[in-house]
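As structure tokens, the structure follows; a few thoughts come after it.
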Amino acid sequence: QSVHVCHRVTVCLCVYVFVVLFFFFFQAEDGIRDYDVTGVQTCALPIYVYVSDHWNDRLQVFDPQGRFLLKWGIRGSGDGEFSQPQGLAIDGDGNVYVSEYGNNRIQVFDPQGRFLRKWGSEGSGDGEFRTPQGLGIGIEGNVYVSDHWNDRFQGFDPKARFLPKWGIRGRSANPVR
């Protein structure tokens, strides 16, 4: 359910095939294979695979051979803590954006996992979420969030300032307008 934006089209197909194969042969750093992987994102060369580990409330980073490199996060609501991390997106500087199902917010980290900023809270107003899920980052750096239970998408500029939202609840083949 994550939205992934690829800036290098020639790498996309290879990265997608790699990610599928990676998870087929995936072995976690701690030996546990009981994951609910809800977000996967690769960043530009060199390619690293970032994994949103929903039930273990953490993110993990692997190299192209599947070797564990880094993890961060524990269960909680403080800066750098997670409650069911969901979607992932990586901007042009390598910063990692994470949507949280349980905390109804977006957190941003540098490539080494250091907390940079956050925004959002539970609600249905502008900049509020009810279980944010997929994330995407446009070429201009704007962040787009699928806001699941509010039946909409919300946009934010690179400084987390609210941009237009769109979407309506519906049952048609294309309810987003």
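Only a predicted model underlies this, so the values are computations on that prediction, with no experimental measurement involved. We count residues from 1, following the sequence as given. Scope of the values below: all heavy atoms of this structure, side chains included, with no hydrogens, waters or symmetry mates.
Applying the ring pair (Phe, Tyr, Trp, His ring centres under 6.0 Å) test to F109 and every residue at least two apart in sequence or in another chain returns W72, F82.
Both F162 and Y97 sit in one connected hydrophobic cluster of ILVMFWY residues. Membership requires side-chain heavy atoms under 4.5 Å apart, directly or through other members. Hydrophobic cluster membership differs between I74 and F115, with clusters built from Ile, Leu, Val, Met, Phe, Trp and Tyr side chains linked at under 4.5 angstrom. Taken together through direct or relayed side-chain contacts under 4.5 Å among Ile, Leu, Val, Met, Phe, Trp and Tyr, L69 and L88 form part of one hydrophobic cluster.
Between Q86 and H54 the shortest side-chain heavy-atom distance falls below 4.5 Å. Between S121 and R105 there is no side-chain heavy-atom pair separated by less than 4.5 Å. In this structure, the side chains of N104 and P132 come closer than 4.5 Å at one or more pairs of heavy atoms. Within the 4.5 Å cutoff, the side chain of Y48 has no heavy atoms near those of the F62 side chain. Here the side chains of Q154 and F129 are in contact, with some heavy-atom distance below 4.5 Å. A 4.5 Å side-chain heavy-atom check between W55 and Q84 finds at least one atom pair inside the cut-off.
From E122, atom CD reaches atom CZ of R130 across 7.0 Å, with rounding to the nearest 0.5 Å. For the atom pair Q112 CD and L70 CG, the distance stands at 8.0 Å (nearest 0.5 Å). Atom CD in Q133 sits 11.0 Å away from atom OG in S52 (nearest 0.5 Å). Between N95 atom CG and R114 atom CZ the span is 10.5 Å, to the nearest 0.5 Å. Separating the CG atom in N150 from the OG atom in S124 is a distance of 5.5 Å, to the nearest 0.5 Å.
Taking every heavy atom of both residues into account, L163 and F156 meet most closely at CD1-C, 3.5 Å. The shortest heavy-atom contact between D53 and Q60 is OD2-NE2, 3.7 Å. Taking all atoms of both residues into account, the shortest heavy-atom contact from P111 to G94 is CG-O, 3.3 Å.
The side-chain contact (heavy atoms from CB on, under 4.5 Å) with V143 is formed by just one residue from the set D157, L135, D91; it is L135.
Looking only at distances, no side-chain donor or acceptor of Q107 sits under 3.5 Å from a matching main-chain atom of V98. E140 contributes no side-chain N or O that, together with a main-chain N or O of P158, makes up a donor-acceptor pair within less than 3.5 Å. When atom types are taken as modelled, the side chain of D110 and the backbone of D93 share no donor-acceptor pair closer than 3.5 angstrom.
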